[in-house]
Every structure is written in structure tokens, then in C-alpha cells.
Amino acid sequence: MLLKVEDINVYYGAIHAIKGVSFEVEEGEIVTLIGANGAGKSTTLKTVSGLLRSKTGSITFEDKDISAVQPHKLVAHGLAHVPEGRRVFLQMTVEENLEMGAYVKNTGVEEGLAKVYELFPRLRERRRQIAGTLSGGEQQMLAMGRALMSEPKLMMLDEPSMGLAPILVDQIFEIIQSLHKAGTTILLVEQNAQMALSVADRGYVLETGKVVKSAAAQALLKDEAVKAAYLGG
Amino acid sequence: MVFFSYLISGISLGSVYAIIALGYTMVYGIAKMLNFAHGDVIMVGGYISFCAISYLSLPPAVAVLLAMVVCTVLGVLIEGLAYRPLRQAGSLAVLITAIGVSYFLQNAAQLIWGVTPKIYTSVVSFRLPNSLTRLGLSSEALVTVLSCVVIMVALTTFVNKTKMGKAMRACSEDKGAAQLMGINVNATISMTFAIGSALAAIAGVLLCSAYTTLLPTTGSMPGIKAFTAAVFGGIGSIPGAFVGGLLLGIIESMAKAYISTDLANAIVFAVLIVVLLVKPTGLLGKYVPEKV
Ligand SMILES: Nc1ncnc2c1ncn2[C@@H]1O[C@H](COP(=O)(O)OP(=O)(O)O)[C@@H](O)[C@H]1O
Ligand SMILES: [Mg+2]
């Protein structure tokens, strides 16, 4: 098992945001967490990457307990997190952003850049441009490229399609699939359940901080309750 | 020629402000806090170099280096002991703590070195030819301006070209995202305090060399002026600290020369207010574009 999250409980002060969530991601899979706004998807990812702490349970990555590891040390373990809202460094150039993605690496930065530019030719054209001047879709590409620079084993994507035009959403999902084919395991958080389930192997449905359903993605696509709640009927 | 000599003294004073302003601006850029004790680190730098030269008879270059080392350690300690525990606290709590640290340093200096002013011997030992000094150019002014330029170039290169410098910029924009890149945010903040405090030591030496009296409160007024310079130039911006510092020094010097010595400070602050009314982010403050 690449990632195993067991019984985590996360609080924001008095707010109990995550209530005993467990899930796992096998190497080579695309796993998706779907759920409405406020269900706790982002909180779950932030807890895995150490930005938030769980009061209970455990998080193991490649059989190592990482629940107490400081967030900046997790990249070196092979974990990358593309946060909600992209969070690229707006005042830095595209290439500087990518260099930051390779911050923990001492070698292979040039090769990493070449790979990312091959995947996102748009970023190569704009390498000297300040990230704040990119469009939303380009910023999403940059955020993903930046995460790839650390050559992660597991890439966690938080709502990569948020706020993008439909054509760009398709493009982003194609890239997710090609990353997966190239060997990256993916944990995908989405409100766009239709798209997420169509590329994923398995899915978990999150409702107000709890996992209410988990099944193969194809099965969830056909599930009446999921259809009604998340797939527009 | 009188105008020229006022201009030189303004540029030289402004260069000291600029060096101090860098400390304010870098710390503000990264820790988003106003380190009120920064001015007092200047004073500590002054006393350390004074002791090294007058009591230990060390050569000036060694004295400067010693002052830099002590101030660097002091800056990192202040951050770690006083500010780090308040990382999640409100900005008012941090500001009050910073004022407390400032008083603590002044009182500690009073205990150690007393309240009688020390007469500082300039670290600059060479003398310029008479043709230059007649224009109002002193060797101290020359060293001060050159130091400021060298520091500016070095720091700009560091921040824009090195991996560590880029990590500092990343932290100043978004600490959460920086952590996700593997950047140790606490270590980066410590390093920022270290750099700012080492610069404060240099500023202390230059200031005392030019004005020769040293008191526990020596750092306060230059500290406040340099903070003003940082805001004037655009807080968070390194070139802004440079431009703000120089302009502030020149305005102050001209105001003293042509308007009134007593009103000089008031004029400096009036100019600041006007600039902020016209451009709230300061002269070179950045407009950050936001995209959804
Ligand atoms: N910083 C915060 N402080 C307090 N409550 C928060 C904070 N962030 C999220 N929450 C709450 O936690 C719950 C889960 O939020 P989140 O994980 O962002 O949901 P999702 O990503 O699924 O939209 C929501 O009820 C939200 O209001
Ligand atoms: Mg979210």
C-alpha cells in the first residue's frame, strides 16, 4: 500500500471537520475523493501533507508513519500536493516556480524542467513570464508542473478543474491520465465528480467529514444515490 | 558648492538608512511583522565594535566582523525566543512584543555600558585629499555610500539568483505553498533575521563612525527613520529600501540646510504622508495581480 489513512479526526478549533476518515491508495492507482463544497476534501489532503494534524489515527506512506513528520520533509519522501486554488508564486517567473518544485533535489533539475516543458509546451513559451500574469488554466498547469519537479510517487491534486473553461478541464484531465500512464499514482479531489470518476480506478464519497461510500469508480458512476447527489441526476 | 556638500551628507545619511531599511523590509516581507527592535540591534553593533576597538585594540575590520557575528546571533535569538512562539498570534501581540524587545535591549545596554556617551573612533582610517574634503566629501561618507551599493548589489543577486534567495521570496508570498515545496519556513525566517541583523551591525558601525557618540538610545531614531524609508520606498521591496533610504536622507539633509533643523523630521514625515496618499504601496511597492 502506498498511502494508508486510518481513522483521522481533524478540528479547526471547535469545528470537527474530519470525523474518522479512512482510505487507501495503492501504487499505480488513480483514487478520487468526491463530495460537495465543505465536505472536508481539502482538509483531508492538508492533513496527509502535514499542514494540518489529526488528533487520532495514523497516516502511513510506503509503510512509514508520516503523521508527525513536518510538512517540508514530506516532499523528499515522494509526496506532492497541488493545493486548491493552485497557489503558484505569483511574483516569481514560471521557471522560478518550477525550480521551487525541485527545491529538495540537488540534481536532475534541468531534466525535470525539460520533462515538464514537454508535457506543458505552454509553460516553456512563458518560462520568463511572471506567474501572476498567466491565465487560470496556465496557472493550473504550472502548479502541476511544479509538483512534478520533485518526481513524486504520489501526487495529490485538489480541485484541478476549479474555475476552468470546459475545454481546459478536458485538457487537465488528459494530462492527469498521461501522468498516470507514466507511472505516477494520483489522489484526486474533485467537485466535478463526473470527470473524476471517469478517469479514476476507485472513489470515496465524502459527506460532512465522513466517508459515506467507497467503491470502484465505474460502480459509483452507476450508483443511483451518487448519480442523484453528485452527477446531476 | 555648499549645496553639493549637503547633497553628499544627505546621500551618506540616506545610505545608512537604506542599509537599516533593508532589515525592516526583508523581515516584513517574510515574517509579515514590524521588528521594532531592529534599530536597537544597530546600537548593539555600535557597542560591540566600540569595545573591540577601544578595549581589545582589535583592528577595525575584525571589530566590524565581530559586531556582525554578535548581531547575527542576537537577531536569530530574538526571532526564536520572542517572535517564533507568536507565529500564530495576532499582529498586535507581535508588535507589543517587538517594542518590549526594543526596551529590553536598550536597558540591557544601559546596564552593561552605562548612560554616559561613549566617544566612538571612526573605523575609517584613511583620509581623502584636500581637494575632495573641500567639497564636503569625507572618507566616512565615501565608505558608507560604497558599502550601501555593495550590499544592495549583493543582496539583490542573492535574492534573485540563488536557491536560498528564491526560497525566501517563495516564503514571503505563500508559506503554506513554500512548505509543500519542501522549504523549511522557520529556518528561512531565521536566516532573514540573521541577514537583517548583520546589516544592522554594519549600519551601526557606519553611523557611529560618522556621528561619533554612542548611547543606549543611539539606534532608536535612525531605526524609526529607516522604517519610514522602507515604507516610503514600498515595504517588502529591496530596491524600495534603497530608493526610500536615499531620498529620505537627502530630504532630511536639505530640510536641515534650507528650511529648519528643528523642522527637518516633521518635513520628512510630511513627505512620507504625501507619498502614501498618492501611492499607498510606497514608491516601488508591488501591485500583486490576482487571478482566479
Ligand atoms: N481554516 C478553517 N477554519 C475553520 N473552518 C474551516 C477552515 N477550513 C475549512 N473549514 C471547515 O471545514 C469543513 C471542511 O472544509 P474543506 O476541507 O475545505 O472542504 P472541501 O475541500 O471539501 O470543500 C467545512 O465545514 C469548512 O467550513
Ligand atoms: Mg476544498
Side-chain angles (χ1 to χ4, degrees), chain A residues 42 45-46 48-52 69-93 95-106 109 130-140 142-143 146-147 149-150 152 155-156 158 162-164, chain B residues 25-26 28-32 80 84 87-90 156-192 233-241 281-282 284-292:
Chain A
S42 299
L45 289 199
K46 284 182 192 164
V48 172
S49 55
L51 295 174
L52 295 170
V69 178
Q70 288 172 292
H72 69 267
K73 293 194 175 142
L74 282 174
V75 195
H77 285 76
L79 198 69
H81 178 170
V82 182
E84 184 174 325
R86 353 249 188 247
R87 311 253 306 251
V88 294
F89 302 115
L90 295 172
Q91 297 178 35
M92 299 174 82
T93 66
E95 190 148 303
E96 283 172 337
N97 266 277
L98 294 175
E99 287 170 19
M100 287 298 102
Y103 183 77
V104 295
K105 294 182 65 99
N106 295 316
V109 178
I130 298 293
T133 64
L134 298 179
S135 71
E138 288 161 349
Q139 286 189 7
Q140 184 60 46
L142 180 55
R146 185 177 69 173
M149 290 296 292
S150 66
M155 184 141 148
M156 304 194 290
D158 195 344
M162 188 167 62
L164 299 186
Chain B
T25 233
M26 287 173 68
Y28 181 85
I30 290 193
K32 305 287 177 252
R84 186 170 299 181
R87 201 60 51 78
Q88 311 301 332
T156 306
T157 311
F158 171 75
V159 161
N160 288 316
K161 301 284 180 230
T162 68
K163 189 166 162 177
M164 252 186 188
K166 289 177 193 178
M168 277 173 67
R169 282 159 60 209
C171 283
S172 86
E173 267 200 58
D174 186 336
K175 288 186 191 60
Q179 278 182 305
L180 292 180
M181 303 298 108
I183 297 168
N184 184 340
V185 171
N186 275 335
T188 308
I189 293 178
S190 287
M191 193 179 65
T192 310
I235 190 127
S237 155
I238 289 179
T281 51
L284 302 183
K286 274 188 202 133
Y287 162 74
V288 185
E290 283 196 39
K291 280 256 160 62
V292 186

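On a predicted model such as this, the values are computed, not experimentally measured, just so you know. Protein chains get the first letters and strands the later ones, always in sequence-line order, with residue 1 at the start of each.
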Return the CG to CG distance between A:Leu142 and A:Leu90, rounded to the nearest 0.5 Å.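 A:Leu142 atom CG to A:Leu90 atom CG measures 9.5 Å (nearest 0.5 Å).
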
How many angstroms lie between CG in A:Leu164 and CD in A:Gln139, if you round to the nearest 0.5 Å? 10.0 Å

Chain B heavy atoms under 4.5 Å from [X]: which part of the residue, side chain, backbone, both or neither?
X       : answer
A:Ala80 : neither
A:Val88 : backbone
A:Leu74 : neither

Taking the side chain as every heavy atom from C-beta outward, state whether B:Asn186 and B:Arg87 have any atom pair closer than 4.5 Å. yes

Have a look at A:Val75 and tell me which of A:Ser49, A:Pro152, A:Ser150 forms a side-chain contact (heavy atoms from CB on, under 4.5 Å) with it. A:Ser150

